[in-house]
Amino acid sequence: MKSWDIFCHVVDNYGDIGVTWRLARQLSAEYKQSVRLLVDDLGAFRHLCPPVNPLCQTQQVEGVEIVHWQPQLHVEPADIVIEAFACELPQHIKIAMAERSPASLWINLEYLSAEAWVEGCHLLPSPQLCGPSKYFYFPGFTNNTGGLLREQTLLQQRQQFDAEQQRRFLLSLGVSRAPGSMLVSLFTYENPHIDSWLNTLAEGEQHYQLLVPPGRIVADIARWLNIDTLESGNSYSRGQVTIQAIPFVTQQAYDSLLWSCDLNLVRGEDSFVRAQWAGKPFLWHIYQQQDDIHLDKLNAFLDRYLHSANPATAEAVRQWWLSWNTQKSLSTSWLAWQQHSKNLQCHAENWCAALSEQQSLAEKLCTFVRNC
C-alpha cells in the first residue's frame, strides 16, 4: 500500500475539490491506498461532503484523512504527492519531498481537455530546481491520456437506478415529476441571456421542470422570475416552465439527479464528466478564461463528442453550446436543438458506452505509480 497526498486549492468552489475528493475516495475505497487530502477551503468542501467539519485541522472522512491546508502547514510528504491543477506547493514541502528516501513521486494533475496536444504532454517529466522531477498527468478522452474519473461500479449503479428509485429520490428533494414534462437539472455559471432561453421554454408547447440547486446562475433566474432569490424547497411557475429550488446535494446524490433528468446543464469539470457518465443529453458551461482560450477547449471536445453524430444534429448541438458559452441569445439555437433531442439521447448513451471501454483515471494513475 502506498501513501498519497493530494493538494487542492479551491478556485471554482466545486470543480477542483469535486475532482480531488472523488479521486481521494476512489483511491482509498477501491485501491486500498492511504490517502491524505489537503484542502485550503473546508467550507466549500463541506457543501459536497456534509460530514466535513470546517473547524478541524485534521479529520477522517470515508477512509480519507482530510487536512486543512494553510500556508505554513508542515507535513511529512507521502510516497506520491499530487499537485492538483497547478495549485503550487509551498517551498518547504518541495524540499521535504526531495529529501525523503526515496523521494516522493510528484504528479501534477492537470485540467481536463480534449485538445490533441494533450496526448503528447501526458506523463512528460519536468526536472525541478527544487524538489524531485514532476510528471504532468493529463486526464482525457483517449487511451493515450490519463482517462476520466469513474468508479468501478458506477455504470452498474446507474443501470439499476430504476423508475421507482428515481421517483423516491426526486421526492426526497421535494420534486414530484409532472406527467409529460421534461426534467432539466440546471447548474451553470452566470448567463445574462438565460432569459431568452427561459422565455422560449415558457412560450412553447412542452412543459419543463427545471431543478436548480444553489449556485451562480440563481441570481439570473431570480431576475427572470422578478423575485429577490430562489428559496430552497419553493416552486415557481411561469408559462410552461416550473422552476424548483432544490438543496445542494452530495456527489453521490448529484449522480442520481443527473440520472433522473432528461437534460443536464453543467459547469466546470467535475459535473461535466458526471453528465457524460449519466448517458443523457447535456450542455457544458465551460469555465471562462482570458482571450477566450476556453472556447478552443470547448470546440475540441465538441469535435470528439459529435464525431459520429449526423451533421444536422452536430450543428444544432454546437450552436446551442456556443451560444450559451458566448452569452448570445439562446432562442434560435435552442429551437434547433429541440428538433434533435431524441437523437441526442441515443448519442449520449453511445458516447458513454465508448468512454467506458477505456481505463479510468484512478486505474491508470495507479498503474503509472507501480511502473515508476
Side-chain angles (χ1 to χ4, degrees), residues 14-15 18-31 48-49 62 112 114 139-141 146-173 175-177 181-188 209-213 244 246-285 301 304-306 308-309 317 341-364:
Y14 308 119
V19 171
T20 52
W21 175 229
R22 285 191 194 276
L23 176 60
R25 208 166 61 237
Q26 188 178 5
L27 288 172
S28 173
E30 296 183 3
Y31 296 93
L48 294 178
C49 183
E62 296 188 38
L112 172 63
F141 301 90
L148 301 173
L149 279 173
R150 183 186 78 250
E151 295 81 6
Q152 292 174 357
T153 62
L154 177 66
L155 298 186
Q156 180 183 356
Q157 291 175 38
R158 194 196 85 188
Q159 291 165 358
Q160 294 172 347
F161 192 67
D162 59 23
E164 176 59 21
Q165 288 178 301
Q166 290 183 29
R167 188 188 68 82
R168 292 201 303 268
F169 168 74
L170 291 171
L171 283 176
S172 74
L173 301 179
V175 177
S176 180
R177 183 166 190 163
S181 68
M182 185 174 187
L183 202 60
V184 181
S185 74
L186 181 55
F187 183 61
T188 66
Q209 283 180 272
L210 274 55
L211 308 185
V212 185
Q244 294 184 253
I246 62 174
F248 205 90
V249 297
T250 65
Q251 287 186 322
Q252 293 91 332
Y254 186 65
D255 282 328
S256 297
L257 177 64
L258 296 174
W259 301 343
S260 301
C261 290
D262 303 303
L263 171 64
N264 296 301
L265 281 67
V266 297
R267 75 182 211 197
E269 181 168 323
D270 184 53
S271 56
F272 167 52
V273 172
R274 305 313 281 196
Q276 293 173 69
W277 294 133
K280 298 291 185 69
F282 72 103
L283 174 142
W284 179 28
H285 195 172
F301 174 74
R304 291 191 185 277
Y305 180 62
L306 299 172
S308 62
V317 172
S341 58
K342 291 184 179 179
N343 290 343
L344 286 168
Q345 175 57 55
C346 181
H347 180 79
E349 291 172 350
N350 291 339
W351 172 256
C352 176
L355 283 182
S356 69
E357 294 177 0
Q358 301 176 21
Q359 291 182 324
S360 73
L361 188 151
E363 184 178 5
K364 285 192 167 189

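On a predicted model such as this, the values are computed, not experimentally measured, just so you know.
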List the residues meeting side chain to side chain donor-acceptor pair (under 3.5 Å) with [X], not counting sequence neighbours, and say none if there are none.
| X | answer |
| --- | --- |
| Arg304 | none |
| Gln359 | Glu363 |
| Gln244 | Gln209 |
| Arg158 | none |

Using the ring-ring contact (aromatic ring centres under 6.0 Å, His included) criterion, which residues pair with Phe248? Sequence neighbours excluded.
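Per chain and number, Phe248 pairs via ring-ring contact (aromatic ring centres under 6.0 Å, His included) with Tyr14, His47.
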According to ring-ring contact (aromatic ring centres under 6.0 Å, His included), who are the partners of Tyr305, at least two apart in sequence or on a separate chain?
Phe282, Phe301, His347, Trp351
Sequence neighbours excluded, which residues qualify as salt bridge (charged side-chain N to carboxylate O under 4.0 Å, His left out) partners of [X]?
| X | answer |
| --- | --- |
| Arg25 | Glu62 |
| Arg177 | Asp262 |
| Glu164 | Arg167, Arg168 |
| Arg150 | none |

Between Glu30 and Glu151, is there a donor-acceptor pair closer than 3.5 Å when you use the side chain of the first and the backbone of the second?
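Side chain of Glu30 to backbone of Glu151: no pair is present.
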Treating Gln251 as the side-chain partner and Cys49 as the backbone partner, does any N or O pair qualify as donor plus acceptor under 3.5 Å?
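No, because the side chain of Gln251 does not come within donor-acceptor range (under 3.5 Å) of the backbone of Cys49.
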Provide the closest heavy-atom pair for [X] versus [Y] in the form atom of the first, atom of the second, distance.
| X | Y | result |
| --- | --- | --- |
| Leu149 | Leu361 | N-CB, 3.7 Å |
| Trp277 | Ser356 | CZ3-N, 3.8 Å |
| Pro213 | Phe187 | CG-CD1, 3.9 Å |
| Leu112 | Glu269 | N-OE1, 3.1 Å |
| Ser260 | Leu183 | O-CD2, 3.7 Å |
| Ala275 | Leu258 | N-CD1, 3.7 Å |

Under the side chain to side chain contact (heavy atoms under 4.5 Å, CB included) criterion, do Trp259 and Gln166 qualify, and how do the steps go?
CA-CA 8 Å; Trp259 301 343; Gln166 290 183 29; 5.5 Å; no
A side-chain contact here means heavy atoms from C-beta on lying under 4.5 Å apart; do [X] and [Y] qualify?
| X | Y | answer |
| --- | --- | --- |
| Leu173 | Pro247 | yes |
| Arg274 | Leu257 | no |
| Tyr254 | Asn264 | no |

Please identify each residue that fulfils side chain to side chain contact (heavy atoms under 4.5 Å, CB included) with Ala354, with sequence neighbours left out.
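Scan of Ala354 (side chain to side chain contact (heavy atoms under 4.5 Å, CB included), adjacent residues dropped) gives none.
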Candidate list Leu283, Asn343, Leu344, test side-chain contact (heavy atoms from CB on, under 4.5 Å), partner Val317, passing option:
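Among the candidates, only Leu344 passes.
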Contact list for residues 343-352, test salt bridge (charged side-chain N to carboxylate O under 4.0 Å, His left out), sequence neighbours left out:
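Every pair satisfying salt bridge (charged side-chain N to carboxylate O under 4.0 Å, His left out) with a residue in residues 343-352: there are none.
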Given the rule in the side chain to side chain contact (heavy atoms under 4.5 Å, CB included) test, do Cys261 and Leu211 qualify, once you have shown the distances and angles that lead to the verdict?
CA-CA 9 Å; Cys261 290; Leu211 308 185; 4.2 Å; yes
Ser176 side, atom OG; Leu171 side, atom CG - distance, nearest 0.5 Å:
6.0 Å
Gap between atom CG of Leu210 and atom OG of Ser185 - 0.5 Å precision:
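Going from OG on Ser185 over to CG on Leu210, the span is 9.0 Å.
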Stepwise, does the side chain to side chain contact (heavy atoms under 4.5 Å, CB included) test hold for Leu148 with Phe272?
CA-CA 11 Å; Leu148 301 173; Phe272 167 52; over 6 Å; no
Worked check of side chain to side chain contact (heavy atoms under 4.5 Å, CB included) between Gln157 and Asp255
CA-CA 10 Å; Gln157 291 175 38; Asp255 282 328; over 6 Å; no
